[in-house]
Amino acid sequence: MTKKLYIETVGCQMNMLDSELVVASLRREGYELTANKKEADAILLNTCSVRQHAEDKTYSELGRLKHAKAHNPHKVIGVLGCMAQKDQHLIFKRAPYVDLVVGPGQLHQVPQLIRQIVAGGGPRIEVSLDRTAGSNEQIKRSHESFDPLRDPAMRPTPYQAYVRIMIGCDKFCTYCIVPSVRGPEQSRPAADIVAEARQLAGEGCREITLLGQTVNSYRYRAGDVTTRLADLLAQLHDIDGIARLKFVTNYPKDMTDDLLRAVRDLPKVSPYLHVPAQSGSNRVLERMKRGYTVEEYRDMLQCTRETVPDAAVTSDFIVGFCGETEEDFQATCDLVRESRFKNSFIFKYSERPGTKGAARYPDDIPDDEKKRRNNELLGIQNAISHEDNQSQIGRQFEVLVEGPSKTSQKQGETGTVIQLTGRTHCDRIVVFEGTERQIGQLLPVTIYDASAFTLFGHVVTHEAGPELYELVASSK
Ligand code: 5AD
Ligand code: SF4
């Protein structure tokens with residue numbers, strides 16, 4: 001009999017990929033996905049701990065699951081991912097009916113742990129070593145990445161896939177929990193990445209997004225050959241069937257000239273660069289320990305614009321970091337105004353216990369003030385995003401069609417013509433009318449309207465009308 005699995009994922013693309021791989025491994029054990037928590041034999045929450053809000057959401061979801069467990073004690077309830085690594089046994093304390101706690105470096109063990117729980121072995125916890133709990137080698141090994149054989153059916157669309165090229169982070173920005181929950185920075189062997197990309201291409205995948213917390217710090221040494229991200233992109237570029245290559249997230253200091261030249265010279269590499277600045281004030285950047293000044297960030301941006309003039313650059317910002325003055329905040333506003341990011345993700349600072357930020361500085365900006373700064377910065381960015389999208393009107397783009405748009409999904413459209421959504425090479429979202437058969441194709445689309453977040457277009461069709469042949473009277 002098949003067993004049913006319900007899985008919920010919060011957080012970044014890394015988590016989405018982890019969930020995909022966990023589901024693939026459980027499918028091999030006979031589990032089938034369900035969208036219905038009630039009928040599920042196992043409920044897994046893949047969690048994020050980058051901000052308090054994400055954790056609160058998980059704990060309240062766990063609160064709701066208490067009744068489900070009381071109703072059916074055989075249901076396996078598991079907490080996976082970053083919050084599992086961070087809170088460990090605390091999760092059992094707060095929700096004693098949880099059966100399983102597994103950190104992001106131990107996800108390969110999920111099938112076996114569930115088997116033990118189902119066999120009556122009681123609750124299970126598997127987490128990686130803390131960053132001070134052993135030698136660097138031991139810690140690294142305890143965070144091994146989880147990239148088993150891919151299951152094409154598990155990808156969000158069959159035409160797109162994430163491929164992890166590195167795990168962990170060694171930058172230790174003072175606000176960030178990632179280095180402690182995802183462990184030391186480790187790059188995967190280039191040959192493994194290329195083999196995985198080839199497999200994906202063979203399965204019909206057109207677009208690959210390379211993932212790493214600081215993806216452009218990628219560096220893999222085999223013998224005396226060192227592969228950097230630019231080299232890896234060149235190798236992946238040669239794979240038939242792959243039409244687009246993207247990579248996220250970039251660390252500003254590692255945005256090297258050779259990488260920018262690779263983006264310029266390799267047509268399959270998307271001219272889309274997510275390079276979080278976090279703040280426009282040197283005092284804040286220093287307290288965040290970001291490792292660059294705002295002048296250096298500006299230089300990096302100028303180099304990017306000079307080398308890849310068409311690049312769509314996006315950023316992340318944190319407002320209300322400890323001690324951020326109005327002047328600091330205004331410096332961030334200035335940076336956003338002049339940088340003309342395609343868009344920015346803006347976050348209110350959320351103190352994370354266990355980080356240097358939490359230990360060193362008081363979280364002294366009141367929440368109302370953080371909210372005000374968040375809204376003000378968002379207003380500046382949204383106006384720019386809107387202008388930027390407006391300037392795309394009339395242009396033609398090649399769009400990778402991802403599937404029915406949200407509106408057409410809601411309306412349950414099934415007719416021959418439906419509203420589709422896709423993305424341009426530089427990651428702009430485009431909505432247009434088409435047919436289901438076009439999903440997964442690269443189509444030329446002309447833009448006729450735009451909002452701050454979406455372009456609206458028509459598929460360009462070439463007239464296939466009767467052709468004119470000139471009748472030439474033959475002269476003898
Ligand atoms: N509080 C708020 N935002 C954070 N980020 C990381 N840590 C925190 C925190 N403690 C943001 C950064 C990062 C993005 C993924 O999340 O902007 O780039
Ligand atoms: Fe966190 Fe900084 Fe590493 Fe990004 S670079 S994951 S913000 S520590």
Side-chain angles (χ1 to χ4, degrees), residues 12-14 17-18 104-105 128-129 131 135-147 161-173 176 178-198 200 208-239 242 245-266 268-270 272-278 289-292 296-297 299-301 303-304 307-308 311 313 316:
C12 61
Q13 287 128 325
M14 212 46 115
L17 174 58
D18 280 340
S128 301
L129 291 177
R131 292 221 44 167
S135 72
N136 204 27
E137 264 322 298
Q138 286 168 327
I139 298 167
K140 275 186 174 171
R141 247 176 289 127
S142 88
H143 279 273
E144 256 165 25
S145 86
F146 174 55
D147 295 282
Y162 294 125
V163 169
R164 195 186 329 259
I165 69 166
M166 58 190 300
I167 57 168
C169 182
D170 284 343
K171 305 293 191 281
F172 287 100
C173 304
C176 188
V178 168
S180 43
V181 290
R182 290 230 173 225
E185 189 176 303
Q186 302 183 66
S187 293
R188 269 180 87 194
D192 289 5
I193 297 165
V194 173
E196 189 175 340
R198 272 190 210 291
L200 288 163
I208 285 181
T209 302
L210 306 177
L211 296 185
Q213 309 296 344
T214 55
V215 72
N216 56 341
S217 316
Y218 177 84
R219 179 189 287 267
Y220 186 77
R221 255 191 98 136
D224 41 359
V225 181
T226 302
T227 310
R228 308 283 319 265
L229 180 57
D231 312 314
L232 187 63
L233 288 169
Q235 292 177 30
L236 296 169
H237 200 265
D238 286 341
I239 300 176
I242 299 296
L245 289 164
K246 294 182 178 170
F247 51 96
V248 285
T249 290
N250 292 287
Y251 186 61
K253 257 175 72 173
D254 290 331
M255 212 62 201
T256 51
D257 290 344
D258 67 324
L259 178 57
L260 291 172
R261 282 195 298 270
V263 178
R264 180 193 64 194
D265 297 339
L266 300 170
K268 291 181 182 176
V269 176
S270 290
Y272 158 63
L273 300 168
H274 183 56
V275 202
Q278 311 296 2
K289 247 185 102 226
R290 282 291 284 177
Y292 53 83
E296 284 166 334
Y297 187 88
D299 287 348
M300 179 281 304
L301 207 55
C303 262
T304 305
T307 314
V308 199
V313 182
D316 291 347

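By convention here, the first residue in the shown sequence is residue 1. Quick caveat: nothing in here was measured; it's all calculated off a predicted structure. Below, all heavy atoms of this structure are taken into account, side chains as well, without hydrogens, waters or symmetry copies.
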Can you tell if the side chain of Val275 reaches within under 4.5 Å of the side chain of Val313, non-hydrogen atoms only?
-> yes
Would you say the side chain of Val194 lies within less than 4.5 Å of the side chain of Ile239, judging by non-hydrogen atoms?
-> yes
How about Gln213 and Met14: do any of their side-chain heavy atoms sit closer than 4.5 Å?
-> yes
Gap separating the CG atom of Asn136 from the CZ atom of Arg141, nearest 0.5 angstrom | 10.5 Å
For the student: nearest non-hydrogen atoms of Tyr218 and Pro189, plus distance | OH-C, 3.9 Å
Determine, for Arg182 against Asp18, whether the closest basic-nitrogen to carboxylate-oxygen distance falls under 4.0 angstrom.
-> yes
Exactly one candidate in Leu211, Val163, Leu233 meets side-chain contact (heavy atoms from CB on, under 4.5 Å) with Phe247; the answer is Leu233
Are Met166 and Leu210 close enough that some pair of their side-chain heavy atoms sits under 4.5 Å apart?
-> no
Side chains of Asp170 and Pro179: closer than 4.5 Å at any heavy-atom pair?
-> no
Taking the six-membered ring for Trp, are Tyr292 and Tyr297 parallel (under 30°), tilted (30 to 60°) or perpendicular (over 60°)?
-> tilted
Can you find a pair of side-chain heavy atoms, one from Glu196 and one from Arg188, that are under 4.5 Å apart?
-> yes
Report yes if some heavy atom in the side chain of Lys289 is under 4.5 Å from a heavy atom in the side chain of Cys176; otherwise report no.
-> no
Side-chain touch Glu185/Ser217, heavy atoms, less than 4.5 angstrom | yes
What are the two closest heavy atoms between Leu260 and Leu273, and how far apart are they?
-> CD2-CD1, 4.1 Å
